Amino acid sequence: MRPLPNDDFAPAPRCVETGLNILVVGVGGQGVLMISKALALLAQRRGFEVKQSEVHGMAKRGGIVFSHVRFAPKVWSPTIAKGEADVLIALEWAEGLRWLDHLRPGRGVFIADTRRIVPPFACRSRKPGAPSAYARETPAEIVGRHADGCALDATEIATALGDARTANTVLLGRLSAWLDYPVGDWHAVVEAIAPKGTAEINRRAFDAGRAWTPPRTDIGDPGTADATVASPPLAALPDLHISVAIDPAWCKGCAICVKLCPERCLAMDGPIAVVATPSACTGCRVCEWLCPDFAVTVRNEGVPA
Amino acid sequence: MLEATRTLPFDIKDYLRLDTMPHFMCPGCGHGIALRALLAAVHDCGIDKDRLAVVCGIGCSGRVGGYIDANTFHTTHGRPLAFATGLKLARPDLTVVVVTGDGDCLAIGGNHLIHAARRNLDITCLMLNNEVYGMTGGQASPTTAATRLTSTTPSGAIEPVFDACALAAAAGAGFVGREVTRQAPALKTLIARALRHPGFAFVEVMSDCTEIYGRKNDLGEAPEMILSQKADMRPEARRDAPDQPFRPNALPTGVFVERDLPEYGERWRAHAAALRGETER
């Protein structure tokens with residue numbers, strides 16, 4: 001990181017005198033730490049004591065990616081307890097929902113990217129086109145339940161600016177609208193934190209986030225839910241003909257197919273394997289590939305018109 | 001040499017001698033999985049059944065060829081590579097595949113393997129390694145891992161084992177790869193690459209002997225054995241240091257060698273033509 005220009009910051013906390021608890025969450029690799037670094041730097045330059053605590057790198061393999069930023073005249077604990085975050089910034093929609101209980105009831109500000117990054121665990125069934133278990137709440141529903149906040153497609157805004165990776169700066173810009181610090185201070189912080197060669201685009205992303213206005217769906221007004229950020233519709237199941245059959249004359253009952261079927265749709269019937277729940281078959285062909293006796297036949301093809 | 005990838009869906013029954021099915025192999029034997037992968041690779045490469053010659057030796061692996069509806073040749077113990085060499089030199093238009101086993105290829109036919117690899121004739125050699133002589137009663141083979149029980153090692157094998165891939169590569173094979181039967185689609189892709197390779201291609205297939213080797217060594221039933229392959233394999237090219245002993249239970253899989261070397265058949269024909277021209281003059 002480059003050395004920081006430190007001179008033109010007067011250590012004079014004004015807008016937030018008692019300090020703030022800000023929780024930044026994401027799926028990993030999105031810039032959670034950059035946001036928290038920017039916040040920490042800004043608070044530090046304003047004369048606050050800052051403590052930051054993070055878990056990173058889990059990249060949605062069932063783990064969590066978060067960063068707690070606490071600043072106040074005096075900070076003891078580096079972590080934010082449940083229900084004590086003043087601001088929750090989510091770089092991914094479902095991650096925002098996961099951490100909602102950390103937000104201060106009635107007063108917390110919820111800022112989230114509506115972009116969905118669906119984790120593998122949301123896949124309930126491996127059938128093509130099967131509904132996913134991803135959160136189905138609409139941004140309007142969620143934001144309406146909270147005192148303040150907004151949900152915006154920051155990734156889309158950043159992509160339009162030319163670099164989807166600046167979505168975190170867009171959200172930082174949005175956050176700046178709630179904190180009454182001079183915009184020049186924010187710009188200086190963003191410039192100091194931004195990776196080499198990206199100061200300009202990060203500055204534009206910050207401004208875009210700061211200037212963002214809700215398309216008549218702002219918070220506290222769930223009646224005017226924006227259709228553009230509605231829950232994704234259930235995909236229609238594609239017209240596929242999937243079937244699995246076992247030839248009893250060729251099966252020798254080694255049970256490889258029964259034990260290795262990921263959907264457990266095969267079973268042993270005495271000395272040979274049979275198809276127990278044909279409807280569960282996704283047509284993955286594991287049984288067909290691994291049957292040493294060529295007794296299993298899987299069909300997975302479009303239904304002829 | 002070969003046509004473009006065929007787009008028709010693969011149906012194994014097109015490639016089997018249906019009157020010989022079901023085959024004689026034991027329940028859960030990995031050789032059947034390897035046979036499917038071979039036939040699927042043949043299909044993918046668009047090889048005509050009439051232009052395919054499968055040469056087999058003796059043993060469980062030697063019986064694999066007999067179920068293929070193509071030109072198949074059941075030869076003497078350890079000699080399929082020698083027969084295949086003659087066949088390929090006489091009929092260079094055929095795609096010659098040798099299906100052999102660990103004992104057939106490394107013990108009885110070990111000499112033929114190194115010289116076939118050295119000559120680099122365009123043959124694809126599929127070695128089905130189940131670590132035991134299954135058909136003759138479960139004797140220890142050159143790939144039987146240490147401490148394993150067989151009928152000739154009742155108190156556990158103590159001999160070091162052959163790393164067949166390293167052997168073939170050192171002998172000069174142009175293409176060397178290894179895959180486990182658990183990864184049958186990857187095995188098919190590997191065999192297809194070997195079939196397309198112009199020159200001697202050696203593929204070691206880690207297969208399971210469930211009835212004799214697995215039962216005697218308490219390795220579980222067929223599903224447990226095939227599931228344990230996943231823990232045994234290392235899906236990257238060989239990286240271990242040369243001083244490390246070969247460990248069958250920590251296998252690297254994938255393609256270890258792929259190099260363009262002069263193919264023997266072409267050189268042999270050019271040499272023969274040159275000699276003929278000289279005698280005519």
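Model, not experiment: these values are computed from the prediction. So that the names make sense, note that chain A is the first sequence line, chain B the second, and so on, each numbered from 1.
- The nearest pair of heavy atoms linking B/Leu94 to B/Asp50 is CD2-O, 4.0 Å.
- In this view, A/His68 and A/Phe66 satisfy the ring-ring contact (aromatic ring centres under 6.0 Å, His included) rule, not counting sequence neighbours.
- The candidate from B/Asp11, B/Ile12, B/Ile33 with the greatest count of non-hydrogen atom pairs under 4.5 Å with chain A is B/Ile33.
- Ion pairing of A/Glu92 with A/Arg116 is absent here, as no side-chain N (NZ or NE/NH1/NH2) approaches a carboxylate O to less than 4.0 Å.
- Looking at B/Leu187, neither its backbone nor its side chain comes within 4.5 Å of chain A, counting heavy atoms on both sides.
- A distance-only check finds no donor-acceptor pair linking the side chain of A/Asp269 to the backbone of A/Val274 [under 3.5 Å].
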| message | Assess the residue pair A/Ser67 and A/Gln52 against the criterion (side-chain hydrogen bond (donor to acceptor under 3.5 Å, both in side chains)); give the C-alpha distance rounded to whole Å, side-chain angles, the decisive distance to 0.1 Å, and a yes or no. | response | CA-CA 7 Å; A/Ser67 174; A/Gln52 192 252 342; 2.6 Å; yes

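- Side chain of A/Asp153 to backbone of A/Thr114: no donor-acceptor contact under 3.5 angstrom is found.
- B/Phe24 touches chain A through its backbone: at least one of N, CA, C or O sits under 4.5 Å from a heavy atom, while the side chain does not.
- For the side chain to side chain contact (heavy atoms under 4.5 Å, CB included) test with A/Val32, the passing option among A/Val27, A/Leu23, A/Val55, A/Val65 is A/Val65; the others fail.
- No side-chain N or O of B/Asn130 forms a donor-acceptor pair with one of B/Ser207 less than 3.5 Å apart.
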| said: side-chain hydrogen bond (donor to acceptor under 3.5 Å, both in side chains) for A/Ser279 and A/Thr277? Distances and angles first, verdict last. | reply: CA-CA 5 Å; A/Ser279 59; A/Thr277 46; 5.7 Å; no

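- The stretch residues 243-254 of chain A places A/Ala249, A/Trp250, A/Lys252, A/Cys254 near chain B, each with some heavy atom under 4.5 Å from a heavy atom of that chain.
- A side-chain N or O of B/Glu204 and one of B/Asn129 form a donor-acceptor pair less than 3.5 Å apart.
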| message | Run A/Leu91 and A/Val24 through side chain to side chain contact (heavy atoms under 4.5 Å, CB included) and show every step you take. | response | CA-CA 8 Å; A/Leu91 276 73; A/Val24 193; 3.9 Å; yes

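- Checked by atom type, the side-chain pair B/Thr72/B/Arg17 shows a donor-acceptor distance below 3.5 Å.
- B/Gln229 and B/Thr181 share a donor-acceptor pair across their side chains, judged by distance under 3.5 Å alone.
- Side chain to side chain, A/Asn202 and A/Thr166 fail the donor-acceptor criterion of an N or O pair below 3.5 Å.
- Near-neighbour residues of residues 56-63 of chain B relative to chain A, defined by a heavy atom under 4.5 Å from a heavy atom of that chain, are none.
- Of the two parts of B/Ala40, only the side chain, counted from C-beta on, holds a non-hydrogen atom closer than 4.5 Å to a non-hydrogen atom of chain A.
- Here CG of A/Leu266 is found 12.5 Å from CD1 of A/Ile256. Values are rounded to the nearest 0.5 Å.
- Within residues 283-290 of chain A, the residues approaching chain B closer than 4.5 Å by heavy atoms are, in numerical order, A/Glu288, A/Trp289, A/Leu290.
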